[in-house]
Amino acid sequence: MPETAAIGEVFEVKVMIQHDMESGYRRGQYGERIPRNIIQHFRCRYLGEQVFASEFFPGVAANPYLSFLVRAQRSGEFVFEWEDQHGKVWRRTVGLAVQ
Amino acid sequence: MKRKHPTLSRRTAVRGAVAACLSGLVPISVWGSPEDADLAIAEHFGADKPVSNGRVTVKLPPISENGYSVPLEVLVKSPMNDTERVVQVAVFAEENPLAKIASYNFGKHSGPVHIQTRIRMGGSQRIRAVAELNDGSLWSGYAFSVVTLAACVL
Amino acid sequence: MRAACIAFLLWASLASADEVISGYEFLTPETQALQDDDFANPGMLWVEEGGSLFAQQCADCHTQGSNGNLEGVAARYPAFDQDAQTLLNIEGRINRCREIHLQAEPLAYESKALLALSAYVANLSKGHAIDVDIDGAAQRYFTEGRDYFFRRKGQFNLACSQCHDDHWGRMLRGDRISQGHPNAFPGYRLEWQAMGSLHRRFQDCDAGIRAQPLALGSRRYRSLELYLAWRARGLIIEVPGVRR
């Protein structure tokens with residue numbers, strides 16, 4: 001995402017995280033079932049409010065990638081959060097300056 | 001007196017299939033069907049809600065060289081202002097083992113709905129996206145992609 | 001799409017038999033776009049991770065300019081190493097470095113850390129033309145690698161050359177056969193849904209023709225890597241490439 005934006009400007013946010021998104025449908029070398037292990041939630045907060053969120057199922061490709069559009073209101077923080085099925089959370093914060 | 005034939009309801013059939021899988025009679029390969037996508041849509045948005053065609057554009061490459069990672073784009077026509085906005089979008093595959101692929105929610109500061117992501121496709125099929133507006137109406141669109149077979153199969 | 005196909009056919013018929021063409025040209029536009037966009041390319045996740053490992057473990061020696069800015073170095077690998085008295089590829093070079101300068105255990109082939117580091121180092125040579133030395137001590141490895149490339153093997157009794165020299169550009173099931181160049185690796189394969197080394201790719205090729213895959217990092221795979229690098233000389237390194 002850009003570092004700066006004008007008020008009301010629509011800009012693209014791209015996020016990607018490294019994760020196998022193991023579907024639970026695959027089998028290992030010896031025919032054993034590989035258990036499901038996926039990220040289930042992605043949330044993006046801007047100015048303290050949820051601006052975009054997503055729920056993932058096994059049909060989401062490995063190393064989940066997302067791009068979405070946000071409208072700039074005023075300067076503030078973007079908080080990106082991913083949560084897997086076990087409740088483990090990854091978080092990244094990026095600032096946006098609005099002129 | 002005519003005896004009524006017992007009809008095999010979908011649910012019973014599914015139960016039977018699950019039981020068969022559990023008992024090891026048939027290998028576990030639960031491929032879906034367009035009806036599964038209908039069911040998943042009803043389950044996600046609530047039953048008995050009419051889904052209209054339109055407003056939603058789904059983009060997939062006509063040919064996908066690998067089903068593990070297919071680029072998907074979803075666009076919804078909406079001004080995204082206080083009077084009319086998209087609340088959520090959900091994406092469904094007609095032939096995947098699990099119909100629902102992902103859902104997306106849009107907050108106050110969201111721009112126009114234009115999502116790009118990468119999905120898994122277990123074979124050539126239609127991918128449907130359904131959008132819910134703030135007035136509760138549902139809109140849908142779809143795209144089709146051919147998933148080709150890899151040269152070397154291990 | 002149809003226009004793209006026609007353009008491809010025209011171009012393929014114009015290409016001369018000995019022209020070196022990257023595997024990139026055999027991908028669909030969508031997969032090419034995935035490789036081209038540094039932010040969308042999943043291989044960059046490994047490169048970034050390798051960058052932070054490099055900063056922690058290697059940057060003391062390899063600072064800019066002094067003991068080696070590593071830009072362009074990967075284009076000259078595999079190379080014979082006098083010290084080790086063997087042919088080293090980038091993975092081997094990294095492990096050799098760890099052993100001698102860090103007194104650390106070598107990283108396992110295909111481990112996350114070695115993949116990340118080798119992807120990072122190879123990415124520093126992105127855009128450089130492959131240019132390996134096959135003379136002197138490297139020559140016997142080169143010969144061994146070339147032999148492996150032309151030898152029929154496996155239950156299908158196929159040699160690498162039969163697909164990648166004789167029939168590239170033609171269809172094999174749903175795929176167009178590439179010339180089999182190594183310039184994308186370590187690379188992100190859609191089929192793996194992950195980053196992998198060139199040797200892992202070799203194992204898949206061998207298994208594909210129903211031949212016994214060799215060990216990752218084995219001498220014969222390193223020799224094959226040298227032959228392939230020579231065969232692809234002049235081709236630009238694309239790491240992290242995206243392939244089917």
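Chain naming here is simple, since letters A, B, ... match the order of the sequence lines and numbering starts at 1 in each.
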Looking at [options], which has the largest count of heavy-atom pairs under 4.5 Å with chain A?
{"options": "B/Gly67, B/Ser103, B/Pro71", "value": "B/Ser103"}
{"options": "B/Asn105, B/Leu72, B/Thr117, B/Val74", "value": "B/Asn105"}
{"options": "B/Ala93, B/Ala90, B/Pro112, B/Ser69", "value": "B/Pro112"}

Taking the basic N atoms (NZ, or NE/NH1/NH2) and the acidic carboxylate oxygens, is any pair closer than 4.0 Å for [X] and [Y]?
{"X": "A/Glu77", "Y": "A/Arg91", "answer": "no"}
{"X": "B/Lys49", "Y": "B/Glu132", "answer": "yes"}
{"X": "B/Glu94", "Y": "B/Arg128", "answer": "yes"}
{"X": "A/Arg26", "Y": "A/Glu22", "answer": "yes"}
{"X": "B/Glu95", "Y": "B/Arg126", "answer": "no"}

Relative to chain B, which segment of [X] carries a heavy atom at a distance below 4.5 Å: side chain, backbone, both, or neither?
{"X": "A/Met16", "answer": "side chain"}
{"X": "A/Val70", "answer": "both"}
{"X": "A/Glu9", "answer": "neither"}

### Query
About how many Å separate CD of A/Glu55 and CD1 of A/Ile39, when rounded to the nearest 0.5 Å?
13.0 Å

Heavy-atom pair count under 4.5 Å with chain B, highest-scoring of [options]:
{"options": "A/Val10, A/Val13, A/Leu66, A/Asn63", "result": "A/Leu66"}
{"options": "A/Pro58, A/Ala61, A/Ala62", "result": "A/Ala61"}
{"options": "A/Lys14, A/Gln50, A/Glu12, A/Glu49", "result": "A/Glu49"}

#### Entry: Non-neighbouring partners of B/Ala40 that pass side-chain contact (heavy atoms from CB on, under 4.5 Å), sequence neighbours left out
B/Phe92, B/Ala99

